[in-house]
Protein chains: 2
Amino acid sequence: MLSRTSQYAIRALAYLAMRERGHWVLTRQIAAALDIPSPFLAKVLQTLAVAGILESQRGRNGGFRLVRNPDRLPLFDIVEAFDKLGPGRLCVLGQKVCSDETACPLHHTWKHSLNSFRHRLQTTTLTELSQHPNALGFPSPKPIADAVAPDFHKAG
Amino acid sequence: MLSRTSQYAIRALAYLAMRERGHWVLTRQIAAALDIPSPFLAKVLQTLAVAGILESQRGRNGGFRLVRNPDRLPLFDIVEAFDKLGPGRLCVLGQKVCSDETACPLHHTWKHSLNSFRHRLQTTTLTELSQHPNALGFPSPKPIADAVAPDFHKAG
DNA sequence: AGAAAAAAAGACATCCATATCGAAAAGTCC
DNA sequence: GGACTTTTCGATATGGATGTCTTTTTTTCT
């Protein structure tokens, strides 16, 4: 339903929303904290930068940070950068002709389920998600502190 | 959501439910009528035979036919032969720990959508599906007659 | 018995999402 | 300016779903 790429994006942004005070966070740091392959996450973050959700800073003390306030960022915007969930995009039976008029036998049920899920993505903000106790995939927010690089404090 | 393999299976069985009077139907014939790659469909049908949904007959005048009355065949049984939709199987955020107790932020919404869809699959029979005007992926049942091999009539 | 027809079975090819690697470009700090 | 750090970019590898091809086995017809 959601590709792994979307899942990585959501978790990485939730992580950023927790730490974000306007300073830059390294790909490496996020990857270590969330147990995501670092080179792959780099591309995910880059896509999010192109999509206008993140901004990037190269060079020493660079990294990524959120552009908008996470209050203003619906999960749908994140997912849409990777998986197209637009209405009428996909027929659950894989039929080429499947619209409200020429519906496949499962069209209406499927449309209802998909709409319900899409609505949830549109109305849930990144802030709400990141406040959930299990937002990152493990119960405790403990690992965050451990993942911070030694010279990160010096810079902040 | 449904793999293409499941989609092929559903459409092929709908086709059989329409023609079924107890005689055998060729893979080739189904594949031609539904525009599915014939060798691939052969494997799909074979899996359905192992699952006890179809029975097969080798040799001349052989083919496949339904075991049960399609009235007694919920779509869920078809899908389950290929895609595991069992409850608690998959977390939409891809988290390893995600149950009713340790839920991910989208767990409940997702569970609701999935349950709703699964319920529809469990309560819809193959007969109901095949009676839908667009069951096969194209509006008219016309192509069926054309797809019948010349010497098929002789045998029937 | 022999030929033909069809499913069964397995080897192989292709495609795409995922993942990895290395080099280039850009920025920072001394 | 030069060393270093980090993103950016492109090439490449991998695994699973999908698709193709060939051989074997079983059955029927003549």
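Chain letters run A, B, ... following the sequence lines, proteins first, then strands; residues in each count from 1.
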Ring centroid separation A/Trp24 to A/Phe64 under 6.0 Å | no
Please test B/Asn69 against B/Arg72 for side chain to side chain donor-acceptor pair (under 3.5 Å), starting from the C-alpha separation and ending with a verdict.
-> CA-CA 6 Å; B/Asn69 186 309; B/Arg72 307 276 183 277; 5.4 Å; no
First of A/Gly59 and A/Ala49 reached from the 5' end of DNA chain D, by closest nucleotide = A/Gly59
Using only side-chain N and O atoms of B/Gln46, determine if any of them is under 4.0 Å from OP1 or OP2 of C/dA9.
-> yes
Separation of C/dA8 P from B/Leu48 CG (nearest whole Å) | 11 Å
Quick one: is D/dT5 close enough that its OP1 or OP2 comes under 4.0 Å of any side-chain N or O from A/Gln57?
-> no
May I ask you to evaluate whether A/Thr27 reaches the phosphate of D/dT7, defined as a side-chain N or O under 4.0 Å from OP1 or OP2?
-> yes
Below 4.0 angstrom from OP1 or OP2 of D/dT24, is there any side-chain N or O of B/Arg58?
-> no
By nearest-nucleotide position on DNA chain C, the 5'-leaning member of A/Gly62 and A/Thr5 is A/Thr5
Would you indicate, yes or no, if D/dT6 has its OP1 or OP2 atom less than 4.0 angstrom from a side-chain nitrogen or oxygen of A/Arg28?
-> yes
Over how many whole Å does the gap from A/Phe64 atom CZ to C/dG27 atom P extend?
-> 14 Å
Below 4.0 Å: OP1/OP2 of D/dT18 and any side-chain N or O of B/Tyr8 | no
A/Ala135 and B/Pro105 have their tightest heavy-atom pair at CA-CG, 3.8 Å
For A/Phe82, answer base if it contacts any base atom (sugar-phosphate contacts may also be present), sugar-phosphate if it contacts only those atoms, and nothing otherwise; contact means non-hydrogen atoms under 4.0 Å.
-> nothing
To the nearest Å, how far apart are A/Arg4 CZ and D/dG15 C1'?
-> 10 Å
Using atom CD of A/Gln7 as one end and atom C1' of C/dT18 as the other, report the distance to the nearest whole Å.
-> 12 Å
Salt-bridge criterion met for B/Arg68 and B/Asp77 (N-O under 4.0 Å) = yes
Taking only side-chain nitrogens and oxygens of A/Asn61, does any of them come within less than 4.0 Å of OP1 or OP2 of C/dC29?
-> yes
B/Pro39 near the nucleic acid: base, sugar-phosphate alone, or nothing, with a heavy-atom cut-off under 4.0 Å?
-> base
